[in-house]
Amino acid sequence: MEHSRQWLRLMQLSSSSLPVGSFTWSQGLEWAVEAGWITSADAFKRWQIQLMEQSFFCVDLPLFIRLYQACEQQELAAVKHWTAYLLACRETRELREEERNRGAAFTRLIKSWEPDCPADWLALLAQSQLCGMAWLGVRWGIGARELALSLGYSWIESAVMAGVKLVPFGQQAAQQLIIGLSDHFANGLDAAFLRGDEALGAATPLSAIASARHETQYSRLFRS
């Protein structure tokens with residue numbers, strides 16, 4: 001695919017208007033705010049940096065590069081293995097539901113964009129948006145690093161927009177947070193890509209507790 005079109009497709013994949021339901025999930029943030037753990041923009045930034053360093057860099061990005069490589073080589077068994085590993089790393093029912101719901105929504109897009117995608121691949125892609133992004137990136141000739149930046153930005157923006165509603169803070173503070181979190185993400189990207197199999201796995205117990213408690217939170221705006 002011609003280079004300019006690839007970049008336009010990449011921007012489409014990172015757009016907040018992509019209909020995968022990203023803004024319906026807070027990944028435990030809603031309960032953390034309710035519990036008084038997060039009361040300001042600074043506290044929110046510390047929370048997100050911990051999640052980035054101890055989860056996104058240790059699970060999402062390393063597994064994404066493995067999924068991308070497996071899709072490049074058409075190794076369906078390897079894609080199944082790493083997708084199952086990813087779901088096992090989602091520590092609560094809500095987080096696993098989010099993974100599957102986003103995967104199913106993204107797969108509906110793939111079916112409309114690439115109608116000749118094989119049925120056995122479609123069933124697997126529906127388990128995780130990371131898997132679908134990897135397959136589509138290979139299909140469209142978009143590099144793994146560029147897609148990783150897109151995934152990171154989408155994750156940051158979704159979290160910050162949830163913070164605007166929940167913490168809360170204003171739009172100017174939100175844009176400053178996106179700048180700061182994006183810089184932190186860029187600094188850790190290369191190390192995350194090089195993480196070995198023995199170092200995979202999240203270490204975010206407070207986030208897991210918040211997500212589990214959110215399942216029975218009395219009043220809530222978000223699905224996690």
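A distance of 10.5 Å separates CG of L122 from CD of E114, quoted to the nearest 0.5 Å. The CG atom of L61 sits 9.5 Å away from atom CH2 of W155, with the distance rounded to the nearest 0.5 Å. If you take CD1 on I110 and CD on Q129, they are separated by 9.0 Å, rounding to the nearest 0.5 Å. Put simply, OG on S40 and CZ on R46 are 6.0 Å apart, with the number rounded to the nearest 0.5 Å. To the nearest 0.5 angstrom, L125 atom CG is 11.5 Å from L130 atom CG. Taken to the nearest 0.5 Å, the CZ atom of R102 stands 14.5 Å off from the SG atom of C131.
With a 4.5 Å cut-off on side-chain heavy atoms, W47 and L206 count as touching. Two residues are said to be in side-chain contact when any heavy atoms from C-beta on lie closer than 4.5 Å; F44 and V33 fail this criterion. Looking at R195 and C58, their side chains come closer than 4.5 Å, going by heavy atoms from C-beta outward. A 4.5 Å side-chain heavy-atom check between M133 and S150 finds at least one atom pair inside the cut-off. Contact annotation: the side chain of W31 never approaches that of S26 to less than 4.5 Å [non-hydrogen atoms, C-beta and beyond].
For the 3.5 Å distance criterion, the side chains of E53 and H184 qualify, holding a donor opposite an acceptor. In this model, no donor atom of one side chain and acceptor atom of the other lie less than 3.5 Å apart for Q127 and E99.
Around the CD1 atom of I179, the shell of radius 6.0 Å holds no more than 12 heavy atoms that belong to other residues, nucleotides or ligands. In the displayed structure, Q69 atom CD is contacted under 6.0 Å by more than 12 heavy atoms of other residues, nucleotides or ligands.
Between R139 and D116 there is a salt bridge, since a side-chain N of the basic residue sits under 4.0 Å from a carboxylate O of the acidic one. Salt bridge status for R90 with D60: present, with a side-chain N to carboxylate O gap under 4.0 Å.
F64 and Y68 have tilted rings, their planes meeting at an angle from 30° to 60° on a 0 to 90° scale. Under the 30°/60° scheme for interplanar angles, the aromatic rings of W113 and W140 are found to be tilted.
Checking side-chain atoms of S158 against main-chain N and O of S154 turns up a donor-acceptor pair under 3.5 Å. Judged by distance alone, the side chain of S112 and the main-chain N or O of L109 form a donor-acceptor pair under 3.5 Å. A donor-acceptor contact shorter than 3.5 Å links the side chain of T107 to the backbone of A126. With T204 contributing its side chain and S207 its backbone, the two residues share no donor-acceptor pair below 3.5 Å.
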Problem set entry | Step-by-step side chain to side chain contact (heavy atoms under 4.5 Å, CB included) determination, R145 to L189 | CA-CA 9 Å; R145 184 181 180 85; L189 178 64; 3.7 Å; yes
For this session: List the steps, then state whether side chain to side chain contact (heavy atoms under 4.5 Å, CB included) holds for I209 with W37.
Result: CA-CA 12 Å; I209 291 169; W37 294 355; 4.3 Å; yes
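The side-chain hydrogen bond (donor to acceptor under 3.5 Å, both in side chains) test with H214 is passed by exactly one of E94, Q27, E34: E94.
Under the 4.5 Å side-chain heavy-atom criterion for ILVMFWY residues, no single connected hydrophobic cluster contains both L87 and L200. Note on L8: it does not cluster hydrophobically with L151, by side-chain heavy-atom contacts below 4.5 Å among ILVMFWY residues.
Ring centroids of W82 and Y85 are separated by less than 6.0 Å, placing the two rings close together. A ring-centre distance under 6.0 Å is not found for F185 and Y153.
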